[in-house]
Colleague: 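Here you go, one structure.
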Amino acid sequence: MNNFKMTLQYDGTRYLGWTKNEKSVKTVSYKLEQVLTRLLGQPVILHAAVRTEPGVHASCQVCSFEADLPFSPEVLKKQMNQYLPMDIKVLSLLPVSGRFRADLGIRAYTYEYNVCTASVYDVFHSRYQAHFFPAPDLALMKQAASCLIGKHDFQSFSPVRKKKGTKKELLYLDFIQNKEHLSFRLTANAFLPSMPQLIVGTLLEIGQGKRSPDCILSIFEGNETPGNFCPSDGLFLTEIQY
């Protein structure tokens with residue numbers, strides 16, 4: 001059995017995330033494992049860097065698997081792209097050390113959230129960005145972002161209640177804005193479920209003037225709730241650092 005690292009991209013619109021506890025035909029991992037098993041004639045188990053949530057897209061997801069290949073990795077990559085749905089594509093497939101697992105040894109993850117700030121929504125990009133008009137105040141959001149950077153207990157920025165493992169380090173939070181588009185770029189050593197969407201939702205409310213930038217500290221202390229949950233349409237997994 002050889003070990004392989006696979007980098008792929010997918011449009012998460014039709015899927016219930018990467019995987020769920022029960023086997024579901026509407027997950028990204030099911031589609032990939034189904035095609036791999038058919039092509040290789042053997043069961044394949046995928047280990048993913050990130051178990052993306054329902055509707056979340058990925059421009060750079062990494063997974064690994066062990067298998068005996070009857071042909072080269074390049075041939076397998078071409079065959080997979082032939083049989084996979086149009087919204088899932090393999091970017092690279094490479095042999096790696098047997099010690100590598102895509103879900104282990106990760107230093108940082110990066111998500112990008114895209115927002116259309118035009119008065120009239122661009123229907124051709126509706127599956128890949130949220131709509132927010134008028135454009136939020138960038139200065140207010142940057143002020144609030146400075147309170148988010150660093151190591152904090154982000155439990156309040158996730159709907160999932162956990163007893164431990166809620167302290168994460170947000171390494172980087174930046175904004176890219178032009179006339180009718182705004183992107184949030186968040187890099188952390190790990191994310192809690194829905195943490196990017198709730199951070200962005202809170203920052204948008206601050207940028208709209210509905211809340212003070214200081215509310216971030218109150219949210220961390222549990223005295224306030226975070227902003228509205230942003231839809232997953234605009235969220236992309238864009239980078240994984242090992």
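The first residue of the sequence shown is numbered 1, and numbering continues consecutively from there.
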Colleague: Taking Tyr128 as the fixed residue, which of Asp11, Asp233, Thr13 is the one that meets the side chain to side chain donor-acceptor pair (under 3.5 Å) rule?
Modeller: Asp11
Colleague: Can you get from Phe154 to Ile106 by hopping between Ile, Leu, Val, Met, Phe, Trp and Tyr side chains that sit under 4.5 Å apart?
Modeller: yes
Colleague: Once side chain to side chain donor-acceptor pair (under 3.5 Å) is applied, what residue pairs with a partner in residues 90-100 remain, sequence neighbours excluded?
Modeller: Thr7-Ser92
Colleague: Rounded to the nearest 0.5 Å, how far does CD1 of Ile206 lie from CE of Met141?
Modeller: 9.0 Å
Colleague: Within a radius of less than 6.0 Å around CE of Met1, do more than 12 heavy atoms belonging to other residues, nucleotides or ligands occur?
Modeller: yes
Colleague: Indicate the atoms forming the closest heavy-atom contact of Ala49 with Tyr242, along with that distance.
Modeller: CB-OH, 3.6 Å
Colleague: With hydrophobic residues grouped by side-chain heavy-atom distances under 4.5 Å, do Val50 and Met6 end up in a single group?
Modeller: no
Colleague: Leu84 and Leu94: same hydrophobic cluster, using ILVMFWY side-chain contacts below 4.5 Å?
Modeller: no
Colleague: Taking side-chain contact (heavy atoms from CB on, under 4.5 Å) as the test, write out the residues that go with Lys151, two or more places apart.
Modeller: Glu169
Colleague: Given a cutoff of under 4.5 Å between side-chain heavy atoms of I, L, V, M, F, W and Y, with clusters grown through shared members, what are the other residues clustered with Phe124?
Modeller: Val123
Colleague: Please say which of Gln79, Lys78, Lys77 ends up in a side-chain contact (heavy atoms from CB on, under 4.5 Å) with Asn81.
Modeller: Lys77
Colleague: So how far is it from His152 NE2 to Phe157 CZ, rounded to the nearest 0.5 Å?
Modeller: 9.5 Å
Colleague: Which pair of non-hydrogen atoms, one from Leu182 and one from Pro136, has the smallest distance, and what is that distance?
Modeller: CD2-CG, 3.7 Å
Colleague: If a pair satisfies side chain to side chain donor-acceptor pair (under 3.5 Å) and one of its residues is in residues 59-69, list it, with sequence neighbours excluded.
Modeller: Tyr10-Gln61
Colleague: Name the residue from Thr52, Asp87, Thr27 that meets the side chain to side chain donor-acceptor pair (under 3.5 Å) definition with Tyr15.
Modeller: Asp87
Colleague: Give the minimum heavy-atom separation between Cys215 and Glu224, together with the two atoms involved.
Modeller: CB-OE1, 3.6 Å
Colleague: Mind checking the OG1-CG spacing from Thr110 to Asp174? Nearest 0.5 Å is all I need.
Modeller: 11.5 Å
Colleague: Just jot down the side-chain contact (heavy atoms from CB on, under 4.5 Å) partners of Pro196, sequence neighbours excluded, or say none.
Modeller: Tyr111, Phe191, Leu235
Colleague: Hey, could you give me the CG/OG1 distance between Asp122 and Thr117, rounded to the nearest 0.5 Å?
Modeller: 11.5 Å
Colleague: Can you list everything that forms a ring-ring contact (aromatic ring centres under 6.0 Å, His included) with Phe65? Sequence neighbours excluded, please.
Modeller: Phe4
Colleague: Could you tell me whether Phe229 atom CZ has more than 12 heavy atoms of other residues or ligands within 6.0 Å of it?
Modeller: yes
Colleague: What is the distance from atom CG of Leu40 to atom CG of Leu76, rounded to the nearest 0.5 Å?
Modeller: 5.5 Å
Colleague: Going only through I, L, V, M, F, W and Y residues with side-chain contacts under 4.5 Å, is there a path from Tyr172 to Leu203?
Modeller: no
Colleague: Between atom CG of Leu171 and atom CZ of Arg107, what is the distance when rounded to the nearest 0.5 Å?
Modeller: 9.5 Å
Colleague: For Leu148 and Ile216, which heavy atoms make the closest approach, and how far apart are they?
Modeller: CD2-CG2, 3.7 Å
Colleague: With a 4.5 Å cut-off on side-chain heavy-atom distances among I, L, V, M, F, W and Y, is there a chain of contacts connecting Val28 to Ile240?
Modeller: no
Colleague: Step through it carefully: locate the ring centre of Tyr113, locate the ring centre of Phe236, and say whether they are under 6.0 Å apart.
Modeller: no
Colleague: Between Phe184 and Phe175, how do the two ring planes meet: parallel, tilted or perpendicular, split at 30° and 60°?
Modeller: perpendicular
